[in-house]
Amino acid sequence: MKGKLRLNQADIDRAREAARVIAADVDQYISTRTTVAVERTVLRLLGIDGIDHEGVPLPNVIVEQLLTEGKISSGAAFWVIQAMLAYRLSAQEVAEKVARGELHLLQVPPLPREEIQREGERLAREALDLIQARRREREEWIERIGEGRQPYLYVIVATGDIYEDVVQARTAARQGADIIAVIRSTGQSLLDYVPYGATREGFGGTFATQENFRIMRRALDEVGEEVGRYIRLCNYCSGLCMPEIAAMGALERLDVMLNDALYGILFRDINMQRTLIDQAFSRMINSYAGIIINTGEDNYLTTADAVEAAHTVTASQFINEQLALLSGLPPEQMGLGHAFEMNPDLEDGLLLEIAQAQLARELFPDAPLKYMPPTKHMTGNIFKGHVQDALFNLVSILTGQGIQLLGMMTEAMHTPHMHDRQLALESAQYIFNNGRRLGEELLFRPGGRIEQRATEVLKQAGDLLQQVCESGLFTALEQGVFADVKRSRFGGKGLRGVVEKEIDYYNPLEEELRRRLGLPEREGNGNECGLYQS
């Protein structure tokens, strides 16, 4: 299907190069900073888990102590590994002693840095070897029992109770779903800690915890054996604990993660510095684990008009692509997002949707694009809603999307019941089967409405990216360029957790990840371009 829109390659190259410069400037800035979430992630990968007597996660206990003492800027790993070696303890034992007040990390007798680094390298290799083994498990499952065809049929469960989620997830898999997304409890993205253990209460969804991941992974493996195809598990590593949840997902063999560079900034008012630092490390983990990320450009069209703001979606896709590449994430794991959000009463709206979907497909040919259903213009008319979803499915199979989040006729009314999901799955299966090779048969008229629309959106996206390139991404976000939402670089949630690294900063996990992913060492002080001066 390559080249059906006859796009101008110069326009594509211009947009991609501007996005590359934007991403490189961001990466240069964040390279000299860490966050409390990154440091907690390192501790989790060193083997620290559990909670203290007040229910505070042990990684939080250690990082908060170091942050309060002004020592987190050297890296949490340095202090914990030094204590491990000095007292011949495991990372978990060190954390438990700190939580009980029996050990203060800053009072540990200092050891030679070379000794600490040798042990850190060993621990990092062990942690990443475990993630690598989980990735191999996925590959072996798919090779043994197979999986569904793209577009993967993606549905959600959102009961708030992990055990009830399991019941609904198994039912959805038997009905034909390829991906089960466990929706998180409302507000979890704003928690600066990860809840612990299995949870049975949540509003609008179920808490993302490592134990909940383990429970659902086991359930989907069981039903996968039953139905004869691998069922992928999706959750969210967006929010204030982005890299931590990415690490937990990697350890429990999740397959898909919501992991956007800009979503938390725009729609959760999380500080932009915090989010951009966290996304870089989380994507390294997702890349190494073989996890497909999903980005959140579809949300732009819930606050902005789909016709007027289509180019902002495309521009954001380019930025997400370039930031992901800097974290070693290959295109095959970039589930770049977009949505079927034209007003259904708009004349030729279907043609505009086809233009946007085909444009995304041609700009990112190797990406398993995640296509989101109509939501903004859904009403209580379930029959019209079912037709809107059917058109959405038709555009998806026509344009070769990769991941299809199925629309529900009861969207905007309530969390879908099992029979709502069954109808959605039946509709998608019917349309995908009947139109499987439709895209191979149809061409778009040269100079026609679809081609003209795609060309226009691409040029507008290029213009916008050039504007962002000149001002810097931080300034563009302050100006409300994306989704008509303005954010301050020094505002939002989580800024306290952003820390400038000391010259002796140590993160053995990032060093080993960069080595295994073939990424160069970061250089520069983060301000050479002059775009992000405070």
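The heavy-atom pair separating Val155 from Ala172 by the smallest distance is CG2-CB, 3.8 Å. Across Thr302 and Asn299, no two heavy atoms sit closer than the pair OG1-O, 2.6 Å. Considering all non-hydrogen atoms of both residues, Ala483 and Thr303 come closest at O-OG1, 3.0 Å. The heavy-atom pair separating Phe207 from Gly202 by the smallest distance is CE1-CA, 4.2 Å. A pairwise comparison of heavy atoms in Ala339 and Leu301 identifies O-CD1, 4.2 Å as the closest pair.
Residues that satisfy the side chain to side chain donor-acceptor pair (under 3.5 Å) test with Asn235, not counting sequence neighbours, are absent from this structure. Applying the side chain to side chain donor-acceptor pair (under 3.5 Å) criterion to Asp165, with sequence neighbours excluded, gives Thr159, Thr206. Residues forming a salt bridge (charged side-chain N to carboxylate O under 4.0 Å, His left out) with Arg496 (at least two apart in sequence, or on another chain): Glu64. Under the salt bridge (charged side-chain N to carboxylate O under 4.0 Å, His left out) criterion, Glu121 pairs with no residue, sequence neighbours left out. Annotation: salt bridge (charged side-chain N to carboxylate O under 4.0 Å, His left out) contacts of Glu93 (sequence neighbours excluded): none. The salt bridge (charged side-chain N to carboxylate O under 4.0 Å, His left out) check on Asp161 picks up Arg200, with sequence neighbours excluded. Every side chain to side chain donor-acceptor pair (under 3.5 Å) that Glu252 has, sequence neighbours left out, goes to Gln210, Arg214. Contacts of Ser282 classified as side chain to side chain donor-acceptor pair (under 3.5 Å), with partners at least two apart in sequence or in another chain: Asn259. In this view, Phe318 and Phe364 satisfy the ring-ring contact (aromatic ring centres under 6.0 Å, His included) rule, not counting sequence neighbours.
In the displayed structure, Glu143 atom CD is contacted under 6.0 Å by at most 12 heavy atoms of other residues, nucleotides or ligands.
The OG1 atom of Thr375 lies 10.0 Å from the CG atom of Leu405; values are rounded to the nearest 0.5 Å. Atom CD of Glu297 and atom NZ of Lys370 lie 10.5 Å apart (nearest 0.5 Å). A distance of 6.0 Å separates CG of Leu262 from CG of Leu473, quoted to the nearest 0.5 Å. Rounding to the nearest 0.5 Å gives a distance of 4.5 Å between CD1 of Ile319 and CD1 of Ile22. Taking OH from Tyr154 and CE from Met372, the interatomic distance works out to 6.5 Å, rounded to the nearest 0.5 Å. Atom OH in Tyr230 sits 8.5 Å away from atom CD in Glu137 (nearest 0.5 Å).
The side-chain tip of Arg218 does not point at the ring of Phe213 from less than 6.0 angstrom away and within 45° of straight on.
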Would Glu69 and His104 satisfy side-chain contact (heavy atoms from CB on, under 4.5 Å), going step by step from the backbone distance to the final call? CA-CA 11 Å; Glu69 297 280 354; His104 196 294; 3.4 Å; yes
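A donor-acceptor distance shorter than 3.5 angstrom exists from the side chain of Gln188 to the backbone of Ala208, with no hydrogens or angles considered. Under a 3.5 Å cut-off, the side chain of Ser185 and the backbone N or O of Phe203 do form a donor-acceptor pair. Checked by atom type and distance alone, the side chain of Thr209 never pairs as donor or acceptor with a backbone atom of Pro195 at under 3.5 Å. Side chain of Gln322 to backbone of Ala23: no donor-acceptor contact under 3.5 angstrom is found. For Ser327 (side chain) and Ala324 (main-chain N/O), no donor-acceptor pair under 3.5 Å exists by modelled atom type.
Within the structure, every pair that satisfies the side chain to side chain donor-acceptor pair (under 3.5 Å) test and touches residues 477-486, not counting sequence neighbours, is listed here: Glu478-Arg489. Applying the ring pair (Phe, Tyr, Trp, His ring centres under 6.0 Å) rule to pairs touching residues 246-267 yields Tyr263-Phe267, sequence neighbours excluded. Here side chain to side chain donor-acceptor pair (under 3.5 Å) pairs that include residues 76-89, with residues two or more places apart or in two chains, number zero.
Under the 4.0 Å criterion applied to side-chain N and carboxylate O atoms, Arg118 and Glu115 are not assigned as salt-bridge partners. Ion pairing between Arg515 and Glu511 fails under the 4.0 Å rule for side-chain N and carboxylate O. A salt bridge links Glu500 with Arg33: the distance from a Lys NZ or Arg NE/NH1/NH2 to an Asp or Glu carboxylate oxygen falls below 4.0 Å. With respect to the salt-bridge test (charged N to carboxylate O, under 4.0 angstrom), the residues Arg487 and Asp269 qualify. Under the 4.0 Å criterion applied to side-chain N and carboxylate O atoms, Glu502 and Lys71 are not assigned as salt-bridge partners. Using a cut-off of 4.0 Å between Lys/Arg side-chain N and Asp/Glu carboxylate O, Asp192 and Arg274 are scored as salt-bridged. At a threshold of 4.0 Å, the pair Arg144-Glu140 does not count as salt-bridged, since none of the basic side-chain nitrogens sits closer than that to a carboxylate oxygen.
Here the side chains of Arg232 and Leu254 are not in contact, with every heavy-atom distance at 4.5 Å or above. Side-chain contact between Asn60 and Ile51 is absent, with no heavy-atom pair separated by less than 4.5 Å. Between Asn286 and Cys237 there is a side-chain heavy-atom pair separated by less than 4.5 Å. With a 4.5 Å cut-off on side-chain heavy atoms, Met257 and Asn294 do not count as touching. Using a 4.5 Å heavy-atom threshold, the side chains of Gln317 and Thr314 count as touching. At a threshold of 4.5 Å between non-hydrogen side-chain atoms, the residues Leu128 and Leu509 count as touching. Counting only heavy atoms from C-beta outward, the side chains of Val36 and Leu240 never approach each other to under 4.5 Å. Contact annotation: the side chain of Tyr371 approaches that of His338 to within less than 4.5 Å [non-hydrogen atoms, C-beta and beyond].
Side-chain atoms of Ser316 and Tyr300 form a donor-acceptor pair, as typed in the model, at a separation below 3.5 Å. One side chain, Asn212 or Thr199, offers a donor N or O that lies under 3.5 Å from an acceptor on the other. A donor and an acceptor atom, one from each side chain of Ser238 and Arg184, are located under 3.5 Å apart. Donor-acceptor pairing under 3.5 Å is recorded for the side chains of Asn320 and Arg283. With no hydrogens or angles considered, no side-chain donor-acceptor pair links Gln117 and Tyr506 at under 3.5 Å.
Screening Ile285, Val194, Leu43 against Glu244 for a side-chain contact (heavy atoms from CB on, under 4.5 Å) leaves a single residue, Val194. Tested against Leu233, the residues Leu220, Asp221, Ile179 include a single side-chain contact (heavy atoms from CB on, under 4.5 Å) partner, Leu220.
The ring of Phe474 has its center closer than 6.0 angstrom to the ring center of Tyr29.
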